[in-house]
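The structure appears below as structure tokens.
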Amino acid sequence: DAGITQSPRYKITETGRQVTLMCHQTWSHSYMFWYRQDLGHGLRLIYYSAAADITDKGEVPDGYVVSRSKTENFPLTLESATRSQTSVYFCASSAATVGYTFGSGTRLTVV
Amino acid sequence: DAKTTQPTSMDCAEGRAANLPCNHSTISGNEYVYWYRQIHSQGPQYIIHGLKNNETNEMASLIITEDRKSSTLILPHATLRDTAVYYCIVRPNAGNMLTFGGGTRLMVKP
């Protein structure tokens with residue numbers, strides 16, 4: 001099915017563990033983004049990618065790692081999860097001149 | 001990046017038009033105005049965007065003032081399902097990053 005999918009939808013992990021959130025889009029959009037949204041707050045940009053093998057930091061990149069070996073995938077890894085990284089994570093994709101399309105989000109809880 | 005200012009919250013009666021204002025007095029050049037909305041717990045949804053002229057699609061209308069320093073999103077016949085947080089964003093000329101502010105929480109009431 002065409003679209004942008006995130007997995008898993010829900011994840012509970014322990015402090016200090018590594019966890020990877022997946023994002024896959026089927027449109028071959030050049031741009032992909034990761035945002036986090038804390039309860040009751042707006043979205044903050046973590047990392048973005050303008051094309052395969054090109055990534056750059058957003059507003060809140062510390063503690064996160066991204067890669068983009070293929071245009072359609074943009075995984076986000078928390079190297080050593082902390083409680084402050086408990087949040088809802090949204091992935092988005094975009095062609096250069098149109099709006100973003102967001103995934104349904106991954107709700108991550110770090111205990 | 002151009003900053004936007006929106007009211008924190010608004011109410012609207014079901015069936016009436018919802019007019020959501022946005023101030024972007026520092027907008028420059030060819031920067032576009034984008035509107036998104038986020039219904040509870042879902043990913044943000046694109047609504048409409050524009051540069052200078054008024055725009056309309058199946059979801060909404062966007063009215064941009066002649067000096068481009070403000071705009072209004074119009075939902076012509078609001079329904080309960082339009083209850084959401086609405087974000088007005090100015091997309092910078094360089095790059096393709098959108099910075100989300102606090103938005104306007106629209107409550108549509110029966």
Side-chain angles (χ1 to χ4, degrees), chain A residues 3-7 9-10 21 23-25 27 29-51 54-61 66 68 74 76 87-109, chain B residues 1-9 20 22 29-52 55-60 62 64 71 73 83-107:
Chain A
I4 182 166
T5 55
Q6 294 184 235
S7 61
R9 287 297 308 277
Y10 301 92
L21 310 183
C23 180
H24 174 80
Q25 52 108 350
W27 297 294
H29 284 164
S30 55
Y31 284 87
M32 295 188 75
F33 309 84
W34 276 106
Y35 287 85
R36 62 176 286 176
Q37 185 172 35
D38 301 325
L39 189 64
H41 291 82
L43 292 94
R44 292 184 291 171
L45 182 65
I46 305 171
Y47 269 96
Y48 66 99
S49 169
I54 301 174
T55 63
D56 210 344
K57 297 177 180 180
E59 180 185 357
V60 289
V66 293
R68 193 160 176 216
F74 191 39
L76 176 74
S87 190
V88 181
Y89 291 84
F90 290 103
C91 177
S93 72
S94 171
T97 57
V98 298
Y100 292 10
T101 301
F102 283 83
S104 299
T106 294
R107 189 175 298 273
L108 176 69
T109 302
Chain B
D1 295 351
K3 180 178 171 61
T4 62
T5 304
Q6 299 178 252
T8 304
S9 63
L20 292 90
C22 180
N30 292 322
E31 292 179 325
Y32 281 78
V33 179
Y34 279 75
W35 283 83
Y36 285 77
R37 73 180 182 183
Q38 187 175 25
I39 297 171
H40 181 63
S41 298
Q42 298 180 18
Q45 176 189 24
Y46 165 82
I47 302 173
I48 198 167
H49 73 282
L51 181 64
K52 295 179 182 178
E55 302 287 345
T56 296
N57 63 20
E58 65 278 5
M59 290 183 67
L62 174 60
I64 302 174
S71 61
L73 179 74
T83 292
V85 178
Y86 288 77
Y87 298 99
C88 168
I89 304 166
V90 173
R91 196 181 97 181
N93 285 327
N96 188 22
M97 287 169 290
L98 299 182
T99 301
F100 287 78
T104 296
R105 185 173 298 276
L106 175 69
M107 180 74 71

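All chains are named by letter (A, B, ...) in the order of the sequence lines, taking the proteins before the strands, and each is independently numbered beginning at 1.
Minimum interatomic distance between A:Gly99 and B:Tyr34 (heavy atoms only, all atoms of both residues): CA-CE2, 3.7 Å. What you find for B:Ser71 and B:Val33 is that their closest heavy atoms are OG-CG1, 3.8 Å.
For B:Tyr87, the part lying near chain A is the side chain, with the backbone staying farther off; criterion is any non-hydrogen pair under 4.5 Å. In this structure, the portion of A:Tyr48 lying under 4.5 Å from any heavy atom of chain B is its side chain and not its backbone. Both the backbone and the side chain of A:Leu43 come within contact range of chain B, each with at least one heavy atom under 4.5 Å from a heavy atom of that chain.
Using a distance-only test at 3.5 Å, with no hydrogens or angles considered, a donor-acceptor pair links the side chain of B:Tyr36 to the main chain of A:Tyr100. Listed for the A:Gln37 side chain is no donor-acceptor partner under 3.5 Å among the backbone atoms of A:Arg44.
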